[in-house]
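Here's the structure we're looking at; comments come further down.
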Amino acid sequence: MMTVKTTLMQWRIFTTGLLMGAADLVPGISGGTVALLSGVYGRLLNAIGHFDLHLLKLIMTWQLAKAWQYVDGLFLANLGLGMASSLLLLSKLITWLLLVQPLVMWSLFFGLILVASLLLLKELYAQSQLRMGWLVSGCLVSVALATVPMLQPVDGFSGWGYLWLMGAGAVAISAMILPGVSGSFILLMLGIYPFLIARLAALDVQIMTIFALGCIFGLIAFSRLISYLLKSYTAAVMSLLAGLMMGSVVKLWPWKYTVTYRLNSAGLEVPLQQENLMPWVYSQITGTDSQLVWCLTVCCLAGLLVAKFGRIQLHDLAA
């Protein structure tokens, strides 16, 4: 019989999954960052890493209860249910909000990630685990990813192209579990993000199943590597991740000027390459209001929420 405390914990994990799913929908934000702030990052990697031969042996011998406990099944189920609910319910809403209120929305994300990276830096410094070389390297990699040109967008897959879709899923999910690396942005770089969002909104079971198979493969393989690195080289890995998070704010800067456009599957022009601008320069060039007061307010509120409720502890990360 579940106690009130246990029930609240499961709801908290489900809510974390909701937030992770919402984050993974936005190019520039990582669901791994949400897991990091929620204090479940190490537990998540540990649970995924248990999808191994021992689990297969337990299943083949019908020791299903032990198999469920071995992979922390209740935790993964609640987290996965939250993520799936978010992806199904919020894909259209987030796309719409980014379309009608882009400056405010990007300010929200900017504040969240900036303060999250500062919290991680604070924890690393307090534990004497900060490694400046790895921190700078992470920043440089993240900034470089934010400025890489996008590939030409695809409008569909067939035949051997489905292997490319699976491979993209494996790469994207590997990025999604890394704080500071956006899986959605990786998909955007590969040119398949708009297509996948449209297929998700249309509940295209075939496309999403193929993509999910790639995600499962990448998740199982990459999570084990990250778990090993976290346990063996905690200071270096977490300093690198802190740098990745800090560098990702370049992608999240609200005031952008579109240099080149591309045509989406509907024949509409959407941004391809963009440059960051100061708010007053943005107003001069675009002739539109920079919404500076609103953006600063939302950014600060988002940062305060992260500072208030975020919890980053190194023993959570290398659990």
Side-chain angles (χ1 to χ4, degrees), residues 7-48 72 74-98 101 104-120 123 172-187 193 196-197 200-201 212 215 219 223 226 241-242 244-245 248-249 251-252 298-313 316-317 319:
T7 302
L8 290 175
M9 177 61 70
Q10 300 311 319
W11 273 108
R12 179 175 176 271
I13 294 171
F14 175 79
T15 303
T16 299
L18 280 175
L19 295 174
M20 287 178 66
D24 283 329
L25 285 170
V26 180
I29 300 185
S30 167
T33 303
V34 177
L36 183 66
L37 287 170
S38 302
V40 301
Y41 189 66
R43 185 179 180 183
L44 174 62
L45 292 179
N46 189 57
I48 296 171
D72 203 352
L74 186 60
F75 166 74
L76 287 181
N78 280 290
L79 198 70
L81 183 60
M83 293 184 68
S85 300
S86 183
L87 292 174
L88 291 174
L89 298 176
L90 298 181
S91 58
K92 290 184 178 180
L93 175 62
I94 290 178
T95 301
W96 178 76
L97 287 173
L98 286 171
Q101 287 293 342
V104 174
M105 289 297 291
W106 288 117
S107 297
L108 172 70
F109 302 143
F110 184 89
L112 289 172
I113 302 305
L114 179 61
V115 175
S117 63
L118 293 177
L119 285 179
L120 179 53
E123 176 68 11
I173 199 66
S174 299
M176 285 176 182
I177 62 174
L178 278 178
V181 182
S182 168
S184 294
F185 183 64
I186 297 297
L187 293 175
Y193 177 77
L196 281 178
I197 286 294
L200 177 61
C215 289
L219 195 62
S223 65
I226 292 299
L241 293 182
L244 290 172
M245 290 173 64
S248 69
V249 300
K251 175 64 180 174
L252 302 174
V298 170
C299 180
C300 291
L301 287 175
L304 287 173
L305 285 174
V306 173
K308 175 67 175 178
F309 297 106
R311 53 182 299 268
I312 298 178
Q313 297 178 346
D316 287 332
L317 310 178

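These figures come from a predicted structure and were not determined experimentally.
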Test of understanding: with side-chain contact (heavy atoms from CB on, under 4.5 Å), list the residues that count as partners of [X], not counting sequence neighbours.
{"X": "L301", "result": "T297"}
{"X": "M83", "result": "M20, D24"}
{"X": "S86", "result": "L18, A22, L90"}

Might you point out which heavy atoms bring [X] and [Y] nearest each other, and give the distance in Å?
{"X": "A35", "Y": "L44", "answer": "CB-CD2, 4.4 Å"}
{"X": "A242", "Y": "S117", "answer": "O-CB, 4.4 Å"}
{"X": "L120", "Y": "L241", "answer": "CD2-C, 4.4 Å"}
{"X": "V298", "Y": "S107", "answer": "CG1-C, 4.5 Å"}
{"X": "A302", "Y": "L112", "answer": "O-CD2, 3.7 Å"}

Report the distance from atom [atom1] of [X] to atom [atom2] of [Y], rounding to the nearest 0.5 Å.
{"X": "I113", "Y": "L108", "atom1": "CD1", "atom2": "CG", "answer": "9.5 Å"}
{"X": "L114", "Y": "C300", "atom1": "CG", "atom2": "SG", "answer": "10.0 Å"}
{"X": "W11", "Y": "T16", "atom1": "CH2", "atom2": "OG1", "answer": "12.5 Å"}

**OP:** State, with a plain yes or no, whether a side-chain heavy atom of I13 is found less than 4.5 Å away from one of R43.
**Re:**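 Heavy-atom side-chain distance check passes, below 4.5 Å.
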Subject >> Q10: which of T15, L81, N78 passes side-chain contact (heavy atoms from CB on, under 4.5 Å) >> reply: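 It is N78, the one option of T15, L81, N78 that forms the side-chain contact (heavy atoms from CB on, under 4.5 Å) with Q10.
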**OP:** Taking ring-ring contact (aromatic ring centres under 6.0 Å, His included) as the test, write out the residues that go with F75, two or more places apart.
**Re:** none
